[in-house]
Amino acid sequence: MILIFLIAIWPVLQSFYFSLFDLKLNNPTKSEVHLSYNLDLERYLNNYPFLIGTIDNEIKSGNGVEELQAIKNQLQSLDKRIQSKSEISSKYTTVNEKLMNFEQVNSDISVAKIDRTMANEYEKTSLNMNKRIRALSLKVKFTQEKKLLGLASGYGDALIQPNFIGLQHYKDNLSSSRMWKAIGNTTTFTIFSVLAELVLGLAIALLINKAFIGRGLIRASILIPWAIPTAVSALMWKFLYDGQNGIIAKLFADFGLVDKMEKLLVTDTGAMFSVIFSDVWKTTPYMSLLLLAGLQTLPDSLYEAASIDGAGKWKQFTKITLPLLKSSILVALLFRTLDAFRVFDLIYVLTGGGPANSTETISILAYKVMFSQTNFGDGSALSVIVFICVAIISMIYIKFLGRDLLNDR
């Protein structure tokens, strides 16, 4: 139970915890979990002195003297209140000295916790200052206008607000057409690929279960597609589907499956067909291997008795093989359905989720949001949604599988 908790349950709980926060690695104020208001002293002290110095230069130049002086007094008053806080003053001095000596500032001393009242005052001061300076820039020609506006805009970035947003990510995703399209693509891919693999896998399993010369070589050869790494297989199929030189694309065009070779990977239907066809080619051997194991447990005496009673091959298949193979089929379907629903590498390498997100699965969407957009909060929410979908599929299969095993007893 401890092992299951560490390997399976704990990562899901951690993902769910992260999904409750607005975590974005491209935003310094949201790159970590924050449950309280904090002030990033390094960002503050890299901004405040230069902002005050720029305001002083504009005042000396005679630009908006009264308004800028009032803004300066407001900023200095707030700075004194920040330094007066006992839990901030020591960190304030340490960070300031390190910055003056061009030393690296660690996050443990750079971030100082502040109460909600001061946080609201800081935010209000920042917004008010920005508004007044921008309004003044329309009336007065500053000598360092870009620098002044930039420093005024960056002043508020030092405030780190709590990024707990609860279930907002789930609410946004459940109302997102892109997520539902990704789930639809995943479901389509899963249904068609698993059904095709079941039919072909069962046919192959029945074939290689018979005794014939070279059976061992045939069994080994059939497993080659499954043994190839998925990324390598996807890259190989990408060349085979190429609109100019792809052999498979040429064959599909000759047989009339596509109008032109170029349409195979650039149209919605063509791309989905391509990824399903590639997955069926690669994973059918795995399905046949699982079913072959089930076939080899069936007693030959049943087939001998059926033959004596006059039952043909089809009758034997429908009355003996399928009923006795039901448990093996359900287990094989469970494994393949879960694997297909979580598909990532095959489609990511082959189409990247395109064209126009027509082959984008829920796993690919979660990867793009989490790593490409560095939105770990939303990406974690999508990962939890994948887990919930997989759990529902597992419960449905296990319910049928368990009922079947109980009936067998």
Side-chain angles (χ1 to χ4, degrees), residues 12 15-16 18-20 22-24 26 165-197 230-231 233-234 237-238 241 243 252 257-259 262-283 333 336-397:
V12 176
S15 295
F16 177 72
F18 288 147
S19 70
L20 302 178
D22 186 17
L23 280 175
K24 296 179 180 178
N26 57 0
I165 58 174
L167 301 176
Q168 185 62 41
H169 284 312
Y170 296 95
K171 181 180 178 181
D172 294 340
N173 282 316
L174 291 175
S175 59
S176 170
S177 59
R178 184 179 181 183
M179 192 209 73
W180 286 112
K181 184 178 181 181
I183 291 181
N185 293 335
T186 308
T187 304
T188 301
F189 173 86
T190 301
I191 292 174
F192 284 98
S193 62
V194 173
L195 285 179
E197 290 160 13
T230 306
S233 175
W237 279 101
K238 190 172 184 178
Y241 287 143
F252 285 169
L257 296 177
V258 291
D259 297 338
E262 297 80 5
K263 290 187 177 181
L264 198 57
L265 290 178
V266 298
T267 61
D268 296 356
T269 306
M272 181 58 72
F273 171 79
S274 299
V275 296
I276 292 175
F277 189 87
S278 302
D279 186 70
V280 170
W281 174 85
K282 175 174 174 53
T283 322
L333 284 176
R336 273 304 301 137
T337 303
L338 296 182
D339 193 35
F341 197 87
R342 296 180 293 106
V343 65
F344 172 78
D345 44 2
L346 176 70
I347 297 179
Y348 187 79
V349 175
L350 190 55
T351 65
N357 298 331
S358 60
T359 59
E360 183 180 66
T361 62
I362 187 67
S363 297
I364 292 178
L365 176 60
Y367 172 82
K368 289 180 178 179
V369 171
M370 182 174 287
F371 294 102
S372 298
Q373 302 176 14
T374 63
N375 190 340
F376 266 57
D378 197 10
S380 298
L382 288 169
S383 300
V384 173
I385 291 174
V386 174
F387 168 78
I388 293 173
C389 293
V390 170
I392 293 173
I393 294 172
S394 301
M395 287 188 291
I396 294 173
Y397 269 111

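Below, all heavy atoms of this structure are taken into account, side chains as well, without hydrogens, waters or symmetry copies. Given the structure is predicted, the values throughout are model-derived calculations rather than measurements.
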Under 3.5 Å donor-acceptor pairs involving side-chain atoms of residues 350-357, not counting sequence neighbours:
from	atom 1	to	atom 2	distance (Å)
Thr351	OG1	Ile347	O	3.2
Thr351	OG1	Gly353	N	3.2
Thr351	OG1	Thr359	OG1	2.7

With sequence neighbours excluded, tell me which residues meet ring-ring contact (aromatic ring centres under 6.0 Å, His included) with [X].
{"X": "Phe16", "result": "none"}
{"X": "Tyr170", "result": "none"}
{"X": "Phe273", "result": "Phe252, Phe277"}

Please tabulate, for the side chains in residues 378-392, all donor-acceptor contacts under 3.5 angstrom to protein atoms that are two or more places apart in sequence or on a different chain.
from	atom 1	to	atom 2	distance (Å)
Asp378	OD1	Asn173	ND2	2.8
Ser380	OG	Phe376	O	2.6
Ser383	OG	Gly379	O	3.0

For Gln373 against Val369, the heavy-atom pair lying closest together: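 Heavy atoms only, the tightest pair is CB-O, 3.4 Å.
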
Any pair counted as salt bridge (charged side-chain N to carboxylate O under 4.0 Å, His left out), so long as it reaches residues 266-278, sequence neighbours left out: none

All pairs passing salt bridge (charged side-chain N to carboxylate O under 4.0 Å, His left out) where residues 170-190 contributes a residue, at least two apart: Arg178-Glu360

Donor-acceptor pair, side chain of Tyr241 and main chain of Ser274, under 3.5 angstrom: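 Checking the backbone N and O of Ser274 against the side chain of Tyr241, a donor-acceptor pair under 3.5 Å is found.
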
Phe344, CZ: over 12 other non-hydrogen atoms inside 6.0 angstrom: yes

Under the side chain to side chain contact (heavy atoms under 4.5 Å, CB included) test, residues paired with Thr190 that sit two or more places apart: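 Testing Thr190 for side chain to side chain contact (heavy atoms under 4.5 Å, CB included), a comparison that skips the adjacent residues, returns Thr186, Val194, Thr337, Ala340, Phe341.
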
Thr374: side chain to side chain contact (heavy atoms under 4.5 Å, CB included) partners, not counting sequence neighbours: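 Partners of Thr374 by the side chain to side chain contact (heavy atoms under 4.5 Å, CB included) criterion, ordered by chain and then number, come out as Leu25, Asn26.
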
Listed partners of Lys282 passing salt bridge (charged side-chain N to carboxylate O under 4.0 Å, His left out), at least two apart: none

Sequence-distant partners of Asp339, salt bridge (charged side-chain N to carboxylate O under 4.0 Å, His left out), two or more places apart: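 Salt bridge (charged side-chain N to carboxylate O under 4.0 Å, His left out) check on Asp339 returns Arg336, Arg342.
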
Side-chain touch Ser363/Tyr348, heavy atoms, less than 4.5 angstrom: no

Any pair counted as ring pair (Phe, Tyr, Trp, His ring centres under 6.0 Å), so long as it reaches residues 171-191, sequence neighbours left out: none

